[in-house]
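Any value given below was found using the heavy atoms of this structure, including those in side chains, with hydrogens, waters and symmetry copies removed. Naming convention: chains lettered A, B, ... in sequence-line order (proteins, then strands); numbering from 1 in each chain. Given the structure is predicted, the values throughout are model-derived calculations rather than measurements.
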Number of protein chains: 2
Amino acid sequence: MQMVLWIMTTGSDGGHRRATIRDVARRAGVTPSTVSRILNNRELAFPIAEHTRKRVIEAVKELGYRPNRLARSLAMSKTHVIGMYFPITEPSGQLEHREVTWLSFGAMVSGVQHITQMRGYEVHIFNRVEHDYGHPNAPKDICPDFIDGLIYVEPNQHYDFYTELVAAGVPLVTMGPSPVHPAGFSVSPDDCQDFYVLTKALIAKGHHRIACFICHPNDPPLETLLRRQGYRTALDEAEIPYDPALMPTERLGQTPTKALVERLFDLWPRPTAMIIGRPEVAHYFIECLHERGLVCPRDLELIVIGDDPIFPYLSPSLTALRYPYVRAGEEAARLVLDIVEGKVKDPVKVVIPWQYNERESCQLGESFIKYLVQDSTPELRKEVAIKIS
Amino acid sequence: MQMVLWIMTTGSDGGHRRATIRDVARRAGVTPSTVSRILNNRELAFPIAEHTRKRVIEAVKELGYRPNRLARSLAMSKTHVIGMYFPITEPSGQLEHREVTWLSFGAMVSGVQHITQMRGYEVHIFNRVEHDYGHPNAPKDICPDFIDGLIYVEPNQHYDFYTELVAAGVPLVTMGPSPVHPAGFSVSPDDCQDFYVLTKALIAKGHHRIACFICHPNDPPLETLLRRQGYRTALDEAEIPYDPALMPTERLGQTPTKALVERLFDLWPRPTAMIIGRPEVAHYFIECLHERGLVCPRDLELIVIGDDPIFPYLSPSLTALRYPYVRAGEEAARLVLDIVEGKVKDPVKVVIPWQYNERESCQLGESFIKYLVQDSTPELRKEVAIKIS
DNA sequence: CTGAAAGCGCTTACAG
DNA sequence: CTGAAAGCGCTTACAG
């Protein structure tokens, strides 16, 4: 009511309501049906007469008519909007961690937009609300009326609404480090496999003491469990005994992060390689390096999961794996639109490889890239999924 | 059609259509009107009888009924959705620049969500399409049917759809470095004023050669023009002659950025202070510093507009102004919702101050903070707006 | 070739 | 206290 009033008083046409299809029909001397048919370019048994078409088009222009999308969507059960459910509002956690989330989110949306835009869709973002006890909102809060399909990102394994959403009949693509659903559509890295391959590559270079630092302010997301699993599997295969001290599981925020990192540097024998699970903590490793007079890659190899534009300019410049969020967003959008438009029926899993950006701090060589992309063992992943669930 | 089919074949209820208000009415032995009234908690002349209410509530539960928001929005001319128009798809530009865009976008959305969520709204993102000749889409592509209000960010002064959007009757809040519209609602920094104050503070510290580096791959956005204006106004006031060499206007990407930065360092007399307009180029300044054996703040003071989590850890650690994008998003959401809900009539301009994070590279002291926040001269800004338009 | 009618799923004066 | 009817602005079989 409020809004209508507002429009009436401030609209350009000085208080006139927006033209409807009936106004156009009246002006063109036809019926709304005809206007609708002309505007929608339906293929008909009989074509529309040229002169009526002209009259209608003219009336549309004169009135500045644009069909009401709400009405149209209701009549057609089709909105031309894609939904995204994404945990952008991470309540706990320091600024630096949230900045990483914002960055990846922005990049994903950028990719999604790129595709939806070309195919005539828009994007609707659902609020992800953390309710009491840290539980986010249930799928009943994800109202599907406004969307044709949904891109669903939920890193926390405890909050898995996948099944319920599918049951509600929403065409669904899972994105990023979401729970493993053998039956569904998804776009994601293969975290377990990637860490497996990475660890293997480090072992192949002669490293036996490989630290793996992936800590979180809260419960670790599934992503992290998969990564740790990949790391351990590689150790097991090489028959290197697993040393828990090399893979801390403390919560960030309790012990200061710097202290946790120092602890790794002060282990004896000192690790000769370190996997840094989050780009925003990389600077602690560099500090420790400098404080101890260690040199990369001579004394130690450092590789970061997640790249940052500044990494090439640090000393040492940091080798990193970069996840192409934009591309991931594009793939997810493509997939969900293909489902929506009926172009695809059977579940598809798009696995997006990380990009390897080699710099001073760690040198696995070009061969590693191929390794990362090609040496895919889906069996391993399935096995891990079972172990975890 | 496709989607409907999909729902029918995969829905949890094995092919049954979703319950409507009529189903509920039938089951409760009442009429749809009654169901609607109960669900919407309207205040009525006569209250609803307790037993009918109970029967209806029960029927709703049994059928798992949820009102169709499309229908409801159509009937009520109210969607409970806020739109955002934002240039996230910056087509030209290198990765590093786009990453900054993604970050600020993610942060803004996070802030917007925080508020919309609490007030029962969702967010709809409009595609910003760059058409031929680099022109983005006109407001006719920003279809207001799905939204109650719009948050509008358009940094490019050439593409100003503000007036048209207002004319179309969309409650509108302009955000960030948008064109100056004296009549409208807006949330933004005061770029001109901030640069004026910053330059003044540097002058007060004795600097006379102050470089100001704000270059862009494309045409400079209004934001930049305002900043440059603020910078020059401060110089003028102090009667320091303006030296164009101190404020390059080349386009990024033509000359390599590093070369542009080097040129500043090699001026004679060398600048004693430098304002770095974009965080993603700060590392070039550090390189130049090291290459020439200069020390901050002894030989040179460096201040970056836009902070980065890594800045405290670089050497020298970089002093920066940080724009609180999350808060800006929150304010914009609050404002647009207040308009939508009729709580506010007359235009409001929210000016959000930058946050001053002092570190090694530049030390203006705490007094500068107050300066930044309080020494607001709206007249100056207006004047500049006129000069520019 | 086009019109009259019913429908999408809700809300809301207006009766009673 | 609740129902019957009209309406929001579109689309789409069904007639003719």
Q) Taking 4.0 angstrom as the limit, do A:Glu331 and A:Arg334 come out as a salt bridge? A) yes

Q. Among all residues two or more places apart in sequence or in another chain, which pass the salt bridge (Lys or Arg N to Asp or Glu O under 4.0 Å) test with A:Glu122?
A. A:Arg69

Q. Quick one: salt bridge (Lys or Arg N to Asp or Glu O under 4.0 Å) partners of A:Arg119, sequence neighbours excluded?
A. A:Asp338, A:Glu341

**Q.** Donor-acceptor pair, side chain of B:Ser73 and main chain of B:Lys78, under 3.5 angstrom
**A.** yes

Q: Would you write the dot-bracket representation of DNA chain D, where each base gets (, ), [, ], | or . depending on whether it forms a Watson-Crick or G-U pair under 3.5 Å and with which partner?
A: |||.||||||||.|||

Q. Between B:Thr52 and D:dT2, does any side-chain N or O lie under 4.0 Å from OP1 or OP2?
A. yes

(Q) Given 3.5 Å as the limit, does a donor-acceptor pair link the side chain of B:Thr79 with the main chain of B:Val81, or not? (A) yes

Short heteroatom pairs, N/O only, protein and nucleotides 7-10 of chain D, under 3.5 Å:
residue, atom, partner, partner atom, Å
D:dG9, N2, A:Ala71, O, 3.4
D:dC10, OP1, A:Tyr65, OH, 2.9
D:dC10, OP1, A:Asn68, N, 2.8
D:dC10, OP2, A:Ile21, N, 2.5
D:dC10, O5', A:Tyr65, OH, 3.2

Q) Roughly, in whole Å, what's the span from CG in A:Leu39 to P in D:dT12? A) 13 Å

Q) In terms of side-chain geometry, is the basic nitrogen of B:Arg53 or B:Glu50 positioned less than 4.0 Å from the acidic oxygen of its partner? A) yes

Q) Is there a donor-acceptor contact under 3.5 Å from the side chain of A:His124 to the main chain of A:Ile147? A) no

Taking N or O atoms only and anything under 3.5 Å, show me the protein contacts with nucleotides 14-16 of chain C, one pair per line.
none

(Q) Please tell me whether A:Tyr152 and A:Tyr85 form a close aromatic pair, meaning their ring centres lie under 6.0 Å apart. (A) yes

Q. At under 4.0 Å between heavy atoms, what does B:Thr34 touch on the DNA or RNA strands: base, sugar-phosphate, or nothing?
A. sugar-phosphate

Q) About how many Å separate CG of A:Asp145 and CG of B:Leu70, when rounded to the nearest 0.5 Å? A) 6.5 Å

(Q) Considering only residues two or more places apart or on different chains, which pairs with a residue in residues 21-40 of chain B satisfy ring-ring contact (aromatic ring centres under 6.0 Å, His included)? (A) none

Q.
Does C:dA4 have its OP1 or OP2 closer than 4.0 Å to a side-chain nitrogen or oxygen of A:Thr31?
A. yes

